[in-house]
Amino acid sequence: MSSKQLPPHMCASELASIVGEDAVYLWENLTPTGQKPFLQAISSENPPFCIVYPQSTEQLARAIAQAHHHNWRVVACGSASKLSWGGLIKEVDFVVSTERLNQLINHAVGDLTVTVEAGMKFSELQSILAKANQFLALDPVAPESATIGGIVATADTGSLRQRYGSVRDQMLGISFVRADGEIAKAGGRVVKNVAGYDLMKLFTGSYGTLGVITQATFRVYPLPQISGTVVLTGTAENVSQAAATLRGSALTPTQADLLSHQLVSSLGLGKKLGLIARFQSIAESVREQSNRLLEVGQQLGLQGSVYSATDEVELWQRLRESMHSHGNESVITCKIGVLPTAALKVLTQAEKGVIHIASGLGVLRFESEVGVEQVLQMRSLLEANKGFLTVLEAPVTVKQRLDVWGYTGNALEIMKRLKAQFDSKNILSSGRFVGGI
C-alpha cells in the first residue's frame with residue numbers, strides 16, 4: 001500500500017505525532033458548520049481527512065514535509081474566512097491552519113514596524129498597535145476573523161489603498177514554509193530593507209499556492225487625530241466630474257470610492273450614484289477638506305452629507321458588510337479592475353458595486369440565479385475598457401460553469417514555471433490560482 005493510499009486515520013495519526021493529538025481534527029468529527037468553508041472551496045467529492053493546527057513554525061514545517069514525502073495535497077488557511085475565494089481546489093488530503101501561530105514577534109514603536117505570526121487576527125493586531133497610538137493601514141473584508149496570513153495570501157487591501165497603497169506596498173518582510181517543508185524568509189524588519197522585495201510581491205496574492213506564510217512584517221502609521229466622511233450623490237455625469245475634480249485636487253482622502261445606485265439606496269445615502277470620501281488628519285485639516293469637497297458637490301448639483309464619530313464608523317462597516325456579507329449563499333462576489341475614467345460606466349450597469357477612484361479596483365455583487373450571464377457580460381464590458389473581472393466567491397456549481405479568473409494576459413507560462421519551481425509536486429492549493437495552478 002502506498003503512502004497516498006493510507007487510511008485517513010493512519011494519515012491523521014502521522015500528523016498527530018508531529019503536532020499533538022489535540023491539534024488534529026478528523027473530518028467526520030467536524031460539525032456541518034465547521035465543514036462548510038472547506039466544502040465551498042473544493043471541487044473534489046472527497047473531503048480532506050483532517051484539519052491540522054500546528055502551534056509552531058517548526059511543527060508546520062514538519063507537517064508540510066510529511067505531505068511532500070507522501071504526495072499529500074494540502075490547503076493552508078488561517079480562520080478560513082477567505083478560503084472560498086479564487087478557483088476551486090482540485091483535491092485535498094488535509095488542511096493546515098495557522099490559527100494557533102498567532103504571536104506578536106516584534107513591535108518597533110519608534111521605527112513604525114511590526115512583525116507578527118500569520119495566524120494573528122487582524123483585529124487583535126490593531127488592538128495591540130492602538131496601545132501605541134498606531135495602526136496597520138489595511139481594510140480587509142472580515143477584520144474580526146481575517147488573519148494576517150490570509151490577508152497577505154489574498155492581497156486583501158480594501159479602500160485604504162487610496163492613501164496608503166496595497167498590501168505589497170506595506171510589507172517589509174515575510175517568512176514561509178516551502179512545499180518541501182523548508183523554512184525560508186525574504187525582506188527584513190526595517191523600512192529601508194529591500195532584500196527579497198520581489199519575493200514578497202510574489203507571495204502577496206498567491207492564494208497559498210507557493211508556500212505557507214508563517215510571519216509578516218509591515219510598516220505601520222500613527223493613528224489620525226480625527227476622521228470625517230463626505231458622501232455625494234447624484235447623476236453619473238456629475239458624480240464622475242466630482243471624482244475627477246477630487247483626483248486632480250490637493251485634497252488627500254484616505255479612502256475614496258464610487259458607489260452604484262443600488263448600493264447607495266441600500267445604505268440609505270440617497271438616490272442615484274455616489275462618491276464617498278474619508279479624510280483623516282488633525283481636526284482643522286479634516287474640516288477644511290470636507291468643506292471643500294462639499295462645495296465641489298454643491299457646484300455640481302449633488303446632494304452632500306457629512307458623517308463623523310460613531311455614525312461614520314457604522315457607515316463604513318455597513319458598506320463593507322453590504323458588499324461582503326457571508327450569510328447569502330446565492331451571491332456571486334467579484335473583484336474587478338478598470339481604468340478609473342471608465343468606473344462610472346461600469347457602475348451604471350451593475351447592481352451592487354464599489355470602485356476606488358484612484359486605482360480603479362473594486363467589487364461587484366450579483367445574484368447567482370441570474371448571475372452567470374451577468375458576470376460574463378460584465379467581464380466583456382470590463383475587458384473592452386482595459387479591465388478585468390475575477391470571481392472571488394460563488395456557489396460551487398457556479399464556479400464549475402465559468403473561468404473564475406478570466407485571465408487574458410501573457411504571463412501564464414511564467415506563472416506555471418514559478419509554481420513548478422516552488423512546488424514541484426503540486427501539493428499546495430492545487431487549482432486555486434490562475435490557469436488551474
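Just so you know, these numbers use all the heavy atoms, side chains as well, and skip hydrogens, waters and symmetry mates.
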Between [X] and [Y], is any pair of side-chain heavy atoms under 4.5 Å apart?
X	Y	result
L273	L258	no
S305	V230	no
I282	S285	yes
I89	Y207	no
C77	F38	yes
I437	L412	yes
S175	I213	no
Q303	L232	no

In terms of side-chain heavy atoms, does Q317 have a donor or acceptor partner in E321 at a distance below 3.5 Å? yes
H356-Q255 side chain donor-acceptor pair, cut-off 3.5 Å: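 There is no such pair (donor and acceptor under 3.5 Å, judged by atom type) between the side chains of H356 and Q255.
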For a quick test of reading the model, state the closest non-hydrogen atom pair linking [X] to [Y] and the distance between them.
X	Y	value
L30	G34	CD1-O, 4.4 Å
L315	V231	CD2-CG2, 4.1 Å
L364	G353	CD2-CA, 3.6 Å
H107	T113	CD2-O, 3.3 Å
S81	A146	OG-CA, 3.8 Å
N71	K425	OD1-CD, 3.0 Å

Start with the C-alpha gap between I357 and Q162, add the side-chain angles, then the distance that decides, and say whether side chain to side chain contact (heavy atoms under 4.5 Å, CB included) holds. CA-CA 8 Å; I357 70 165; Q162 173 71 27; 3.7 Å; yes
Under the 3.5 angstrom rule, does the side chain of [X] hit a backbone N or O of [Y] as a donor-acceptor pair?
X	Y	result
D423	K419	no
S424	A420	no
S97	G78	yes
T229	R278	no
R365	V331	no
S79	S145	yes
E117	N102	yes
S290	R287	no
R168	M200	no
S249	L246	yes

More than 12 non-hydrogen atoms from neighbouring residues, nucleotides or ligands closer than 6.0 Å to [atom1] on [X], yes or no?
X	atom1	result
K185	NZ	no
Q421	CD	no
N29	CG	yes

Which residues pass the side chain to side chain contact (heavy atoms under 4.5 Å, CB included) test with [X], not counting sequence neighbours?
X	result
S429	V75, T209, R432
A63	L15
T252	Q289

May I have all residue pairs that pass salt bridge (charged side-chain N to carboxylate O under 4.0 Å, His left out) and include part of residues 253-268, sequence neighbours excluded?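 Non-adjacent pairs meeting salt bridge (charged side-chain N to carboxylate O under 4.0 Å, His left out): zero.
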Pairs where residues 153-162 contributes a residue and the test salt bridge (charged side-chain N to carboxylate O under 4.0 Å, His left out) is met, not counting sequence neighbours: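 For residues 153-162: K82-D156.
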ring-ring contact (aromatic ring centres under 6.0 Å, His included) partners for Y25, two or more places apart: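 In terms of ring-ring contact (aromatic ring centres under 6.0 Å, His included), with neighbours along the sequence ignored, Y25 is linked to Y53.
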Y221: ring-ring contact (aromatic ring centres under 6.0 Å, His included) partners, not counting sequence neighbours: Y164
For residues 408-437, which residue pairs qualify under ring-ring contact (aromatic ring centres under 6.0 Å, His included), counting only residues two or more places apart or in two chains? F203-F422, W405-F433
With sequence neighbours excluded, give me every ring-ring contact (aromatic ring centres under 6.0 Å, His included) pair touching residues 267-286. none
Could you pull out all donor-acceptor pairs under 3.5 Å where a side-chain atom in residues 237-244 meets a protein atom, sequence neighbours excluded?
| from | atom 1 | to | atom 2 | distance (Å) |
| --- | --- | --- | --- | --- |
| N238 | ND2 | T235 | OG1 | 3.3 |
| N238 | ND2 | L300 | O | 3.0 |
| Q241 | NE2 | T245 | OG1 | 3.4 |

Begin from the C-alpha positions of F366 and M378 and carry the test side chain to side chain contact (heavy atoms under 4.5 Å, CB included) through to its verdict. CA-CA 10 Å; F366 306 86; M378 184 59 73; 4.1 Å; yes
Apply the test side chain to side chain contact (heavy atoms under 4.5 Å, CB included) to residues L302 and T233: give CA-CA distance (whole Å), side-chain angles for both, the deciding distance (0.1 Å), then the verdict. CA-CA 6 Å; L302 298 171; T233 59; over 6 Å; no
Drop me the distance from T217's OG1 to I174's CD1, to the nearest 0.5 angstrom.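 T217 atom OG1 to I174 atom CD1 measures 9.5 Å (nearest 0.5 Å).
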To the nearest 0.5 Å, what is the distance between CG on L344 and CD on Q349? 11.5 Å
Start with the C-alpha gap between E312 and S227, add the side-chain angles, then the distance that decides, and say whether side chain to side chain donor-acceptor pair (under 3.5 Å) holds. CA-CA 8 Å; E312 181 193 29; S227 180; 2.8 Å; yes
For K352, which of S260, S265, S322 qualifies under side chain to side chain donor-acceptor pair (under 3.5 Å)?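 Output: one option passes, namely S322.
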Verify side chain to side chain contact (heavy atoms under 4.5 Å, CB included) between D93 and V74, making sure each step is shown before the conclusion. CA-CA 6 Å; D93 291 308; V74 185; over 6 Å; no
List the residues meeting salt bridge (Lys or Arg N to Asp or Glu O under 4.0 Å) with K121, not counting sequence neighbours, and say none if there are none.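 By the salt bridge (Lys or Arg N to Asp or Glu O under 4.0 Å) rule, K121 matches E99.
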Listed once per pair and sorted, the side-chain hydrogen bond (donor to acceptor under 3.5 Å, both in side chains) pairs that draw on residues 37-46, sequence neighbours left out: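 For residues 37-46: none.
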